[in-house]
Amino acid sequence: MTVLLDGYARTMRSERYNAKEAEPKWRQVWNEHDLFATKNDDPRPKYYVLEMFPYPSGRIHMGHVRNYAMGDVVARYKRARGFNVLHPMGWDAFGMPAENAAMQNKVHPKEWTYANIASMRSQLQSMGLSLDWSREIATCDPAYYKHQQSMFVDFLKAGIVDRKTAKVNWDPVDQTVLANEQVIDGRGWRSGALVEQRELTQWFFKITDFAQDLSDKLDTLDRWPEKVRLMQRNWIGRSEGLLVRFALAPETTPNGDSELEIYTTRPDTLFGARFLALAPDHPLARSVAETNPELAAFIEECKRVGTAQEAIDKAEKLGFDTGIRAVHPFDPSWTLPVYVANFILMDYGTGAIFGCPAHDQRDLDFVNKYGLGNTPVVCPPGQDPATFTVTDTAYDGEGRMINSRFLDGMTIEAAKDEVARRLESETRHNRPVAERKVNFRLRDWGISRQRYWGCPIPIIHCDECGVVPVPKEQLPVVLPEDVSFDVPGNPLDRHPTWKHVSCPQCGGKARRETDTMDTFVDSSWYFARFTDPHLADAPTDPGVVDHWLPVDQYIGGIEHAILHLLYSRFFTRAMNQTGHSNVRDGEPFAGLFTQGMVVHETYKASDGTWVQPSEVRIESDGSQRRAVHVTTGAPVTIGSVEKMSKSKKNTVDPDDIIASYGADTARWFMLSDSPPERDVIWTEEGVQGAARFVQRVWRLVSEIAERSGAADGAAPTGPRGTAVRKAAHKALAAVGEDVERLRFNRCVAHLYELANALQEQINPTGPASEPGLAEAFREAGRIFVQLLAPMMPHLAEEAWQVLGQDGLVAQASWPKLDPSLLVEDTVTLPVQVNGKKRADVTVARDADQATIEATVLSLDAVQKAMEGKPARKFIVVPQRIVNVVV
RNA sequence: GCGGACGUGGCGAAACUGGUAGACGCAAGGGACUUAAAAUCCCUCGGGCUUGCCCGUGCGGGUUCGAUCCCCGCCGUCCGCACCA
């Protein structure tokens, strides 16, 4: 039904956009045209946009919606801009939850995982993401992990893999190693059992070999958040110091050791030394403990202190004097006691230190407990060296050396250098006494897990030949499917036949490695595999992977700021070194964006249990918001806004939202309001606002379609047509710039502004016809829909059709900007007198200073504010502001 | 403890990084249409008063013609690391 208005046929406003019908329709059209399948040999410039692939938990959550909506905006925008866009999706499909499900529900991990993948795939597809599903991969697929095993073998041959014993968190109930984050207050997160420290032989990736490069190249990652780079830099923890060999007084060493090597970053404080300290598991400590039962007991006690952070926090500094005396490197007559101390770590430096209490808080706490005293050797600026003392607080700031003989008066840096220089050139037993050494906090990456649902480590243990890699032609080592989870421990280890094999070298009886790889390995190269996901004979085709990498824009959660990103950076380097790729600088991700969480109010019933948002109705009496239970009507307490979590029941199911509002509404809301790096609050009002805008766009587009019917290509000349064109091109420029910078909330605002501006010109305030107005509307409608398309792709296709445009908006090139429409002929400048705004002045855009001065001075408001005083100074900032100083 | 980020209306936030503070949205209030509701449309919306001005970006100083933005000192919130010598 139509009515006549202003001479135009007009669709009745009651006609609503039906997302439920339109969305599946357009998705089918995209599919049929294979719109988002990417060819590797496409000649256009490449753009690789990737969101962190999900763990297939079974359901997507709002965090996924936000993450994938952002990536999709970038993908669709870049496609319109003429790039050959790679935008793939896959599944981080190995991991513990599948095994937990197996234990609890008697369902096989594989079955559980693939069922979850199927349901999550269909959920993601309902979002209308422009993904190349033909490249889909799952890390639990032997076709994927085969290549991971093959690279493990290559890394092993290249010396990037190591096998050594390491201390691990052992859960005695589940009989498995736990990651640090799985130990909560000293107990296993699942079993609740007290976690033990065990020494196990483990496989390691030698990430420390790359520590220097991983640290250095952070400087080149200028499209990463500064915060993430800093976190990685701290994690790698590069420090420059000195290894110093202290001679031991022979009469004090029970087992004939003659020296002790320590590591320090403060060689300048050597004259402030009061003691040396060893880690409890330092070889010298162990050897002395063999003949000293008291020390042995002390060492045992140190081990019992848990690894839980709380325990470390509260632990008092404890030491045990071994009786050994070390000789000061600059004074043969000066000896220092050697302690074993609980706060010294064996796996950093040499596991031994010298303590300078005046300038290190830990050492100060220690000497204060054992009465060893301290000597300040750095005097803070402005302090009198004669009176400067340290009692409870160590001084670690700048200053000049004191009490340090030949170092006195030097800066800290100069003193460090002088000590290093002197000790380097001095030799004992033909070796220099000291050596400069760069140390890293970063440890090698232990990848062994006593788990079933992971990538098997392709190794065979033979009594004759030792550790033998599985020959490549025998890969993949496939997980056996006939396993049970009714007893704790690793099903691979207790499988009746799987681990029994013959040695590839000698043919004798041998055993498979039953550990599987940390799932972080799986996610460390998936982005490379996406470039040629079905390649059968190799993990990657170097030509292809080098074409696509680095990922131009990677988007994901800040929770992966360290591990996943660091491991991936290591992996690309290792792949480069083993000929699998030749990615520049070994950097996999050129651009990184970490998005904020989706948070929601929490609700609690009177009995203290959490209540789901869907069971809550919010009532408002104008000033106060109250919540009641939907069915019982009982009052519900509105709690704080928190990250959506199952335990607090403050989740909103994307399926429900898409079913009732459509995917476009969900996407639009997730992109609006908050800056993408910040948390966004999910509110019912917010979704409804987004849904209202969808309908508003629909009505607006219909009205534009009616008004542009008569477009004949004639250029608009009237004020309304010009206003329409200016609004459209302004939005075009702004949205383009903001998508490039991932400022989606501002894109949303620009589109609201454009909608408002177009509406203003549609509402008839005068004669409807004006030369070229129809043409202006035609152009503006087209631009409006194209700007919307990356964010609300289904609605945009429907609108595109209503506007009578050819083809699909998903395939249309980005509109061409007319920069002349962005500049105004005249400009209105605020006028300040002594920095306070008093008037506005409208002048020609290119008006010279004299003209502006004259115009400004002629204004009554300015004259009044100047109170008859002469202008001392005239500040004119072109296009910005005028300030008169009197 | 160390390192970092952030504090702007009732709320989420803008402000082209030194140039009109509060764009855009949400909520709220008033009005129109309607038998009524929903939807839609129009108006108001930082605070104060003398309706023109004053105050206002966590607090206190400073630099500047001019400060949300730069500097110094506090207060608060959040995040990361946590005995790394």
Side-chain angles (χ1 to χ4, degrees), chain A residues 13-14 16 225-228 230-235 237-239 241-242 262-266 269 277 279 309 312-313 315 317 341-345 347-356 359-363 365-366 393 396 439-443 558-559 561-562 620-623 625 641 669 672-675 677-681 683-690 692-693 695-696 699 734 737 743 745-756 759 763 828-840 861 871-886:
Chain A
R13 286 187 167 184
S14 59
R16 288 176 66 79
E226 188 51 50
K227 178 190 169 78
V228 174
L230 187 71
M231 281 166 70
Q232 292 220 351
R233 192 169 283 118
N234 291 341
W235 186 265
R238 183 182 190 277
S239 68
L242 201 64
I262 61 95
Y263 179 73
T264 181
T265 56
R266 290 296 302 272
T269 63
Q309 291 190 355
I312 292 170
D313 238 11
K317 304 228 172 333
N342 66 346
F343 63 98
I344 308 301
L345 304 172
D347 45 6
Y348 187 81
T350 62
I353 60 129
F354 83 81
C356 174
H359 305 289
D360 183 294
Q361 192 61 47
R362 294 161 302 184
D363 298 344
D365 293 344
F366 188 75
T393 309
D396 59 2
N439 236 316
F440 296 94
R441 185 186 165 276
L442 183 69
R443 303 292 146 74
I558 186 76
E559 65 273 22
I562 297 174
S620 174
D621 60 2
S623 58
R625 289 173 77 246
V641 173
F669 177 43
S672 57
D673 286 346
S674 292
E677 69 278 8
R678 242 181 267 180
D679 291 351
V680 66
I681 306 176
T683 61
E684 191 57 27
E685 292 83 1
V687 197
Q688 282 168 3
R692 264 200 306 274
F693 185 65
Q695 296 302 333
R696 204 178 142 207
R699 290 191 303 271
E737 192 182 314
R743 302 202 287 201
N745 58 320
R746 304 200 340 166
C747 295
V748 166
H750 298 311
L751 284 162
Y752 271 110
E753 275 177 338
L754 178 55
N756 290 345
Q759 193 69 55
N763 294 336
T828 301
L829 300 174
V831 178
Q832 295 181 337
V833 177
N834 286 340
K836 296 216 169 187
K837 195 204 157 189
R838 298 298 174 184
D840 289 301
R872 277 201 298 127
K873 204 168 168 188
F874 235 98
I875 293 146
V876 178
V877 184
Q879 318 287 314
R880 287 256 186 265
I881 204 165
V882 180
N883 193 6
V884 187
V885 186
V886 298

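In what follows, every heavy atom counts, from backbone to side chain, and hydrogens, waters and symmetry copies are set aside. Within every chain, numbering begins at 1; the chains are lettered A, B, ... in the order of the sequence lines, protein sequences first and strands thereafter.
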Query raised in the report: Using purine N1 to pyrimidine N3 plus N6-O4 or O6-N4 for Watson-Crick, or N1-O2 and O6-N3 for G-U wobble, both under 3.5 Å, which nucleotide pairs with U51(B)?
Result: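 U51(B) is unpaired by these criteria.
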Query raised in the report: Between U40(B), C26(B), C24(B), which nucleotide gets closest to the side-chain atoms of R699(A)?
Result: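 Side chain of R699(A) sits closest to U40(B).
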Requested in this report: Write down the distance between CD1 (I558(A)) and C1' (G4(B)), rounded to a whole number of angstrom.
Outcome: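 Going from CD1 in I558(A) over to C1' in G4(B) covers 11 Å.
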**Report entry** CA sep, side-chain torsions, deciding dist, call: D673(A), N745(A), side-chain contact (heavy atoms from CB on, under 4.5 Å)
**Finding:** CA-CA 5 Å; D673(A) 286 346; N745(A) 58 320; 5.9 Å; no
**Report entry** Inter-nucleotide C1' distance (A39(B), G56(B)), Å rounded
**Finding:**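 The same atom, C1', in both gives a distance of 39 Å.
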**Report entry** Separation of the P atoms in G76(B) and U64(B), to the nearest angstrom
**Finding:**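 That atom pair is separated by 32 Å.
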Requested in this report: Report which part of the nucleic acid D363(A) touches: base, sugar-phosphate, or nothing (heavy-atom distance under 4.0 Å, all strands).
Outcome: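 If one applies the 4.0 Å heavy-atom cut-off, D363(A) turns out to touch nothing in the nucleic acid.
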Query raised in the report: Atom NZ of K836(A) to atom C1' of C53(B): distance rounded to whole Å?
Result: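 After rounding, the reported distance stands at 10 Å.
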Report task. Would you give the length of the straight line joining atom CD of E685(A) to atom CZ of R692(A), rounded to the nearest 0.5 angstrom? Result ->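 It comes to 9.5 Å.
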Query raised in the report: Roughly, in whole Å, what's the span from CG in L442(A) to P in C81(B)?
Result: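 My rounded result for the distance is 14 Å.
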Query raised in the report: Considering only side-chain heavy atoms of R838(A), which listed nucleotide, C54(B), A13(B), G25(B), is closest?
Result: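 The closest nucleotide is C54(B).
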**Report entry** C33(B) and U51(B), which share atom name P, separated by this distance in whole Å
**Finding:**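 Those two atoms are separated by 34 Å.
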Report task. Measure the acute angle between the ring planes of F693(A) and Y752(A), then classify it against the limits of 30° and 60° as parallel, tilted or perpendicular. Result ->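 Rings of F693(A) and Y752(A): tilted, as their planes differ by 30° to 60°.
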Report task. Send over the distance from N439(A) CG to A85(B) P, rounded to a whole Å. Result ->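 Atom CG in N439(A) sits about 8 Å away from atom P in A85(B).
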Query raised in the report: Can you tell which of C24(B), A13(B), C81(B) lies closest to the side chain of R441(A)?
Result: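 Looking only at side-chain atoms, R441(A) lies closest to C81(B).
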Query raised in the report: In whole Å, what is the span from the CZ atom of R696(A) to the P atom of U40(B)?
Result: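 It is 10 Å, rounded to the nearest whole Å.
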Query raised in the report: Rounded to whole angstrom units, what separation is found between the CZ atom of F669(A) and the C1' atom of G25(B)?
Result: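 In whole Å, G25(B) C1' and F669(A) CZ are 10 Å from each other.
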Requested in this report: Answer yes or no: is there a side-chain heavy-atom contact under 4.5 Å between H750(A) and L754(A)?
Outcome: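 No, their side chains stay 4.5 Å or more apart.
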Query raised in the report: Is there a Watson-Crick or G-U wobble partner for G7(B) with both distances under 3.5 Å, and which nucleotide is it?
Result: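 Matched G7(B) with C75(B) under the 3.5 Å cut-off.
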Query raised in the report: Mind checking the P distance from G25(B) to C42(B)? Whole angstroms is fine.
Result: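 Per the computed distance, 11 Å lies between those P atoms.
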Report task. With the side chain of R678(A) defined as its heavy atoms from C-beta on, choose the nearest nucleotide among A13(B), A27(B), C24(B). Result ->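 So the nucleotide nearest the side chain must be A13(B).
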Query - Spacing of the C1' atoms in U57(B) and A14(B) (rounded, Å) - result: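 After rounding to an integer number of Å, I get 12 Å for this pair.
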**Report entry** Rounded distance in Å between the P positions of C71(B) and G7(B)
**Finding:**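 To the nearest whole Å, 14 Å.
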Query raised in the report: Can you tell me how far P of A85(B) sits from CG of N342(A), to the nearest Å?
Result: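 Taking atom P of A85(B) as the reference, CG of N342(A) is at 18 Å.
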Query raised in the report: Where each residue is assigned the nucleotide of RNA chain B containing its nearest heavy atom, which of D673(A) and T350(A) is assigned the position nearer the 5′ end?
Result: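 Result of the comparison: D673(A).
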Distances under 3.5 Å only, N/O to N/O: pair up the protein atoms with those of nucleotides 18-23 of chain B.
residue	atom	partner	partner atom	Å
U20(B)	O2	K837(A)	NZ	3.1
A23(B)	O2'	E753(A)	OE2	2.4

Report task. Specify the residue among T264(A) and G689(A) whose closest nucleotide of RNA chain B lies further upstream toward the 5′ end. Result ->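 This one resolves to G689(A).
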Query raised in the report: When we call it a touch if two heavy atoms are under 4.0 Å apart, what does I344(A) touch: a base, just sugar-phosphate, or nothing?
Result: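 Base: the residue I344(A), judged by heavy atoms under 4.0 Å, touches a nucleobase.
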Query raised in the report: Atom CG of N234(A) to atom C1' of C2(B): distance rounded to whole Å?
Result: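 Between C1' of C2(B) and CG of N234(A): 9 Å.
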Query raised in the report: Hey, are R266(A) and D360(A) close enough for a salt bridge, meaning a charged N less than 4.0 Å from a carboxylate O?
Result: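 No salt bridge links R266(A) with D360(A).
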Query raised in the report: Distance under 6.0 Å and angle within 45° of the ring axis: does K317(A) meet both against F343(A)?
Result: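 Pair K317(A)/F343(A) counts as cation-pi.
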Query raised in the report: Which part of the nucleic acid does S672(A) contact within heavy-atom distance under 4.0 Å: base, sugar-phosphate only, or nothing?
Result: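 If one applies the 4.0 Å heavy-atom cut-off, S672(A) turns out to touch nothing in the nucleic acid.
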**Report entry** Closest listed nucleotide, where the reference is the side chain of K227(A) and the choices are A27(B), C79(B), A85(B)
**Finding:**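 For the K227(A) side chain, the nearest candidate turns out to be C79(B).
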Requested in this report: Would you tell me if any nitrogen or oxygen in the side chain of Y752(A) comes within less than 4.0 Å of OP1 or OP2 on G25(B)?
Outcome: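 Indeed not, no polar side-chain atom of Y752(A) lies that close.
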**Report entry** Inter-nucleotide C1' distance (C2(B), G48(B)), Å rounded
**Finding:**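 46 Å, rounded to whole Å.
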Requested in this report: Would you classify G9(B) as syn or anti? Syn applies when the glycosidic angle is within 90° of 0.
Outcome: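 That one's syn.
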Query raised in the report: Which base, if any, makes a Watson-Crick or G-U wobble pair with G1(B), both distances under 3.5 Å?
Result: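 Matched G1(B) with C81(B) under the 3.5 Å cut-off.
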Query raised in the report: Watson-Crick or G-U wobble partner for U40(B), using a 3.5 Å limit on both distances?
Result: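 Answer to the pairing question: A32(B), which forms a Watson-Crick or G-U pair with U40(B).
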Requested in this report: With P as the reference atom in both, quote the distance from C53(B) to A21(B) in angstrom, rounded to an integer.
Outcome: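 Roughly 14 Å separates the two P atoms.
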Query raised in the report: Which part of the nucleic acid does T683(A) contact within heavy-atom distance under 4.0 Å: base, sugar-phosphate only, or nothing?
Result: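 Nothing: the residue T683(A), judged by heavy atoms under 4.0 Å, touches no strand.
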Query raised in the report: With a 4.0 Å cut-off on heavy atoms, is R266(A) in touch with a base, just the backbone sugar-phosphate, or nothing at all?
Result: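 Sugar-phosphate only.
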